[in-house]
Each structure stands twice: as C-alpha cells, then as structure tokens.
Amino acid sequence: MGTTTSTHCCFCSMQCGMELVPSDKAPGLAIKPSPDFPVATGRLCQKGLNALDHVLHEERVLTPLVRIGNERKGAWRKAEWPEAIGGIAAEIQRIQAKYGNDAVSVYGGGSLTNEVSYLLGKFTRVALRSKYIDYNGRYCMSSAAAAGIRAFGLDRGMTFPLSDIPKASYIILAGTNIAECQPTMMPYLLEAKKNGAKIVTIDPRNTMTSKSADIHVRLQPGFDSVFINGLLHVIIAEKLYDKRYVEERTQGFEELAEAVKAYTPARVEELTGILEAVTRTVARGFAKAERGIVMTARGLEQQSNGVENTLNYINLALLTGNVGKPGAGYGAVTGQANGQGGREHGQKADQLPGYRLIENEADREYVASVWGIDPKELPGKGVSAYEMLKKVDEGEIKAMIVLGSNPIVSSPNADLVERALGKLELLVVVDMFETETAKYAHWLLPGSSFLEGEGTLTNLEGRVFHRPAALPTPGEAKLDYVLICELAEALGRGEYFRYTSIEDVFVELTRASAGGKADYSGITYERLKREHGVFWPCPSPDHPGQPRMFEERFAYPDGKAKLFGITPKLPAEPIDADYPYILTTGRLSNHYLSGAQTRRTPGLMKKAPEPVAEIHPWLAGRIGLVVGGKVRITSRRGSLVFQVKVTEGIQPRTVFVPFHWGEELSVNKLTNDALDPTSRMPEFKLCAVRVERAE
Ligand SMILES: Nc1nc2c(c(=O)[nH]1)N[C@H]1C(S)=C(S)[C@@H](COP(=O)(O)OP(=O)(O)OC[C@H]3O[C@@H](n4cnc5c(=O)[nH]c(N)nc54)[C@H](O)[C@@H]3O)O[C@H]1N2
Ligand SMILES: Nc1nc2c(c(=O)[nH]1)N[C@H]1C(S)=C(S)[C@@H](COP(=O)(O)OP(=O)(O)OC[C@H]3O[C@@H](n4cnc5c(=O)[nH]c(N)nc54)[C@H](O)[C@@H]3O)O[C@H]1N2
Ligand code: SF4
Ligand SMILES: [Mo]
C-alpha cells in the first residue's frame, strides 16, 4: 500500500468519488471524500464513509464452498477452484441435458459494473443458451424505465445533469427520500432553495427530505395519480400549460385533457383528503415557474400501477414545457450504484446490449455479429425477476446462478421465494458473504468487492465513469468477470469469452452498444481516466457526450414525446374490514438494501440495529399500544412483530417498515407480489395489513 487510489462508493446511484488512503490506524487504510469528482466534491454520506468495513470483514467468503453431502442449509466444505468450476459446469450440463437449456437461469444485480452486467447477459445467451436471465433492477427501476421509454422513446433516468438542479425555480419530489437515499444530492436542492426555488414533497411520511420542503403533501399510498390528475386539471382549466411546447413537441394532449377533466380540486379533496387549496397552489406554482423539475422514485413506482403513476408525473413535466430545457426537466432517481448501466447492457429478460431488444430481428442480428454467433442461436426473451422465482417454485427452472443480489430478503412474498429456492437442483451464489440467499446454495463462490473489481459504471445522471481496482482480491476470491469466463470455458463455450483484461470486455461492450439507444461507442478507458465521466449517448470518440437530453427532439421517429391520459386505479390489494391499514416499505439512511453489507458495518448497525415500524398516534391509540410495546403486523402472507416508533409524521392509516433485515425481521414476508402489468415490478409500496398490539 502506501498510495492513494481514487475510487467510487459502492452504494447508491450518486456514485460519489472517494479516496482510499493509507492510515496509521488499523486496518492501515481509510476512506476520504474525493476532492475533485464533480458529482459530490468533498462529500460522502455515512454509508460511503463506512464502506471499507464490509470489504475487510472477517465474514467474507474467501474460498469456494460446497455443501457436504449436497444437503441444503447443511455444513460447507472448502473446495479448490477447478473442482468448483468443473463441478458446477457438470451439474449445469446434466440439468440442461435432462430438462433443456432454459432450466438454467441467471439472477444479476444493479451494483455490478457495466462489464459484469454485460457478461452476465452474454453468458446466459451464449454459454448457457438459456432465455432466463433477469436482475434485481426489476424491483428497482423498471417502472421508471418503462415510463421513460413510453413517454420519451428512451430511458435515461434523469433527463438533466445534477448541475442543473440549482438553476430550477420549482422542484417537485414525489416518492423520493433524497436526504436518506442520495444524501449528497441534498446540497444541490438546498442551493436551488437558496436561489429562490420552491420545493414540494409528496410522500405518506414526513421524511428527512420533506424537512426542506415549502409544501409537503402527505398522501395515502396509492393516490399519486389522483393528486396529479388534480394538478393537471387545474393547469389545463386555467390554461397555464405551455401551449406552444405541447403543440410542437408532444402528442396526446386531447387524451390527457379528457382523462383529467373530472379531477377537480374538490373531487381530489374528497378522494384523498388533500385540501383543494393545496392542489391549486402547487398546480399554479409549478406551471408558472420559469424552470420546473419533477423527480420521482420508488414511492410511486413500486406499485402495480407504477408505470402509470410515473407517466402521470412525466405528463406534468411535459405539459409545462420543462423537459429538455436547462435548469428543468424530469428525473427518475436511479437507486443502485450502477442501476442505470445495469439496465442497458443485457441482463434484463428482454434485452441485448446498448438497450437493444432481444425480440427485434435487426437487434439480434447486430449483437450476434459482435458475438460471432448465428442470430438463430440467440434465445428469445425470458421473464422478470419475480416471475423467474415463481418458475423455480413451479419446477420449470431447476438451476440458478445468483450474482449481486440477495433475493430472499429483497423479493416480495419472501416465504414463497425461500420455498422456491429450496427446490432448486442447483443454486450457485457468487457473493462476498453467506447471505440469507446463500444459505440455500449448493455452491457459494467468493466474488469481488467494489474495491477489487475494476470496471465502469453509469451513475443516476447517465454519467459513465471508470472505477479502478484499489485492492487485490482477498484469499481465493475471484474477480466476478474472471469467474464468469472460466465457467463459460468449462461449459465448452470459452471461445466467446477470451478477454485479456476487463478493458477488453468494455471495448466489446461499446461495439455491441454502437447504434443502440444507450450508445457507448465513443467511450474508452483512456478517455474515462482523463475526464470525470462521459454522459451517454456518446456515439463517436469526438462526441462530447450528452448531459441534457431531448433539447431538440424526443427519441421517437417523429421527435415528439407522448402524453398519456391516466385513469387512477386501485392497488392490487385495497384495504378492507379484515386488513384495514396500509403497509408501505422503504429505506433508512443507515442501511443499504438487503443489508448484506451494512448489517456487517458496526458504525451503521449501532445507529439502526433492527427495523422499527412507524405508526401514527391515532393508530397507536386505536390498538391500545403501551409505552415500550411492540406491534404485530399481519398481511395475507404472514405475520411479524416489530419495535415501534409513534410519530405524527405518517399518514394515519399507513405503517412504514424498512426492509433491510432478513429472517423474522424481513418485512418482505408480508409484502404483496402483485406486479405492474407493463414493467413487472412488484408492489412493494403497498399492501393491506392488520396492526395489533403484540402480546
Ligand atoms: N440509505 C440508503 N440509500 C439508498 C438505498 C438504501 O437501501 N439505503 N437504496 C438505493 C436504491 S437501490 C434505491 S432504488 C433508492 C430508493 O430511493 P427512494 O425511492 O427514495 O426510497 P424508498 O424509501 O424506497 O421510498 C421513497 C419514499 O416513498 C414513500 N412512499 C411510499 N408509498 C408512496 C406512495 O404511494 N406515493 C408516494 N409519493 N410516496 C410513497 C416512502 O414513504 C418513502 O419515503 O435508494 C438508493 N439509496
Ligand atoms: N419491501 C421492499 N423490498 C424491496 C425494495 C423496497 O423498497 N421495499 N426495494 C427493491 C429495490 S429498489 C432493490 S434495488 C432491491 C435490491 O435488493 P438486493 O438485490 O437483494 O440488494 P443487495 O442487498 O444490494 O444485494 C446485493 C448482494 O450482492 C453482493 N454484492 C455486492 N456487490 C457485489 C459485487 O460486486 N460482486 C458480487 N459477486 N457480489 C456483490 C452483496 O454482498 C449482496 O449480498 O430490493 C428491492 N426490495
Ligand atoms: S451518497 Fe450514495 S454514493 Fe455517495 S457516499 Fe452516500 S451512499 Fe455512497
Ligand atoms: Mo433499487
């Protein structure tokens, strides 16, 4: 050691720059914020500052492990790599010979680099020749992606760079808790506020984010589209929309106007309890603002109406002429480290690299030519992450390789998922730890951490950047990409997976993306090392990249964006007399996703050792909660007991529980597995429950 390495945090989509520096204190290394990476210069949140702890954790898996006697959840035995790779390949071949190629599946993740995401997609289609691959981003960005594609013809999360935010004059933040989930974005918002911007938050809870708001709309989960229809109604009725923009740059205005006609502020108040005056004030304020920004995240996207909810927020940004204008626009706030890049390079069921489609003939031909195979060899599209788990339960899928996810904790209706994974003839987990999911594995392979694996990622702005390797892999752990290539070799398909370096993989990825929607073909490692990232699309080496999207045209052939008339629908599981309250789930600032990493971080665990249910004093009174008491929350799928925090800051009928824990603290044992019909994203944000005092 002794040298400083500039790298990036492994957690959220901001991808703050960090430096790994030598230290005289154990373990001899420390993390400091980057002094120059423009996304969040000089800042890291507490998760970033503590990110070294899990990497150096004593529980890291350091050798391949195999079950003794093949017994599930039994004891492990250490294995050598040749035995592991050979044994897994032989099992895959046995299963495919017996049940067909599609009996073997891959489950990837949004924390992985672009290169590893790309290789997982290629491995599934070329080495396994199976159609079944999907990834945890299905739970994360799929509704926003589907809405972006439908409205703009293209999904790049945020249509503007972060540096546009301080120039905005009115900002609507819906179902996005930026202060806890992308903490280093807050200074951009606070600067906008200092410059005079109004901020409106829309959330069933008072959050750390809503503290900075001028107006906080506390709605019952599932009612976003009703409220937005109210805003759109006022804007149209009072002729406050940007008529010229709507005419020149959009289609579908008539349909939209028709759909919102009945949603007068009075009706919105009747349906939601949101005062008429609030609807009018926000509608007028936003429409009259010179530069408006709308940002959404999982709050309204992780619903069975998630795509329509998102489309309605996009309607608001388009109707007011804000998309494609400096200091304005629409942004879906991406979640995971590489949530953006992870959904562009082919680890999604229906996708090929460059955001191409696996069912499109021209796309198949092009990518097959890059891969050197016959397009006929490429399988068709598979199914979404949760549907894949269901196919495991139903017995159609017999083997699964999980790399970069912990689906037993992060999937809805988690008991079903647990049962399903228990039925697999082969479960291979590649991870740093023995996660809840790995407990069901036949093989647990030691993968690499963010400080070990070099590669590129794409942050929430669409900024592609390079992350170098800062540490060697510990013990026998392997770089994820090497492991994938070795497995392909053992399956007899090695000729398609011979790379000299990770950069070599990137070069192929950029070729495969050329001419696609997410075109990286002008990007090289050399360029990324020189510049602080390049925004895609970047179709040639002399192209500067594109921080702001849609300034002149949208990505449809006619150049126009589409407006959609949305008729609000009920959630999949409305409340009733038996289950009279709403459970919503989400995040805490101290933990990350399934908690595999942050529950192993003492500095973070100390602050949030277990999940605490937030309930309103009204509900606490109704159930006769006593001081220090716990609550039992019961849905149609399960029943769990949680610690409680009584707070005025939550919509009275709603209970909030964070999902960062496993086993008997896993709120996903209660959540509903209803999927959005288009995005196939589960309804994590709302199900009907009973709430009782726990005895
Ligand atoms: N600390 C931390 N940061 C993270 C993560 C983490 O696990 N921990 N995860 C990362 C990832 S992968 C993601 S996807 C992002 C997620 O980032 P966010 O989407 O911001 O996080 P959530 O807490 O899931 O949900 C946001 C808010 O939606 C609200 N909500 C619930 N139901 C509704 C509704 O019907 N309508 C509206 N308008 N709001 C609703 C919740 O009360 C919550 O405050 O965060 C990223 N950053
Ligand atoms: N109830 C409820 N459930 C939810 C959500 C919610 O809001 N509510 N949100 C959903 C969302 S948005 C998301 S993104 C999902 C995410 O949920 P998961 O996919 O379960 O997320 P992680 O905990 O990040 O799992 C990543 C795993 O990969 C490992 N890992 C990390 N980096 C690497 C690497 O580079 N290589 C290898 N080999 N392994 C690595 C980690 O140790 C960890 O075990 O959860 C979803 N589930
Ligand atoms: S804001 Fe996100 S990327 Fe930045 S340090 Fe925190 S978790 Fe890491
Ligand atoms: Mo996510």
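Since the model is a prediction, treat every value here as computed from it, not as a measurement. As the structure lists them, so they are numbered: ligands from 1, and atoms in each ligand from 1. In this chain, numbering begins with 1 at the start of the sequence shown.
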Consider every N or O of [X] and every N or O of ligand 1, then say whether any pair is closer than 3.5 Å.
| X | result |
| --- | --- |
| I178 | no |
| L593 | yes |
| D224 | yes |
| Q302 | no |
| Q336 | no |
| R205 | yes |
| Q220 | no |

Using a 4.0 Å cut-off to any heavy atom of [X], which atoms of ligand 1 qualify?
| X | answer |
| --- | --- |
| T584 | 31 (C), 32 (N) |
| E180 | 1 (N), 2 (C), 3 (N) |
| G222 | 35 (O) |
| L588 | 1 (N), 2 (C), 8 (N) |
| T207 | 44 (O) |

Just to be sure I read this right, does ligand 2 sit under 4.0 Å from the backbone of [X], its side chain, both, or neither, counting only heavy atoms?
| X | answer |
| --- | --- |
| N406 | both |
| V409 | neither |
| T113 | neither |

Worksheet item: Within a reach of under 6.0 Å around NZ of K32, are more than 12 heavy atoms found that belong to other residues, nucleotides or ligands?
Response: no
Heavy atoms only: which of [options] is nearest to [atom]?
| atom | options | value |
| --- | --- | --- |
| atom 3 (N) of ligand 1 | G110, C181, S13 | C181 |
| atom 43 (C) of ligand 1 | N177, D203, V217 | D203 |
| atom 25 (O) of ligand 1 | Q182, R587, E301, K685 | K685 |
| atom 19 (O) of ligand 2 | T585, N136, L445, D480 | N136 |
| atom 33 (C) of ligand 2 | G109, S449, S448 | S448 |

Practice prompt. Indicate yes or no: does E434 engage R600 in a salt bridge with an N to O separation below 4.0 Å.
Written response: no
Item to complete: Salt-bridge test for E301 and R298: reply yes if a basic N is under 4.0 Å from a carboxylate O, no otherwise.
Response: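 Result for this pair is yes, salt bridge flagged.
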Practice prompt. State yes or no: are the ring centers of Y139 and F684 separated by less than 6.0 Å?
Written response: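 Ring centroids of Y139 and F684 are less than 6.0 Å from each other.
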Practice prompt. Work out whether the distance between some heavy atom of M141 and some atom of ligand 1 is less than 4.0 Å.
Written response: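 So M141 does not count as touching ligand 1.
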Worksheet entry | H54 to ligand 2, any heavy atom closer than 4.0 Å |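 So H54 does not count as touching ligand 2.
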Item to complete: Before signing off on this row, confirm whether S405 and ligand 2 have an N or O atom pair separated by under 3.5 Å.
Response: yes
Worksheet item: At distances under 2.8 Å, what protein N, O or S atoms surround atom 4 (Fe) of ligand 3?
Response: C16 SG
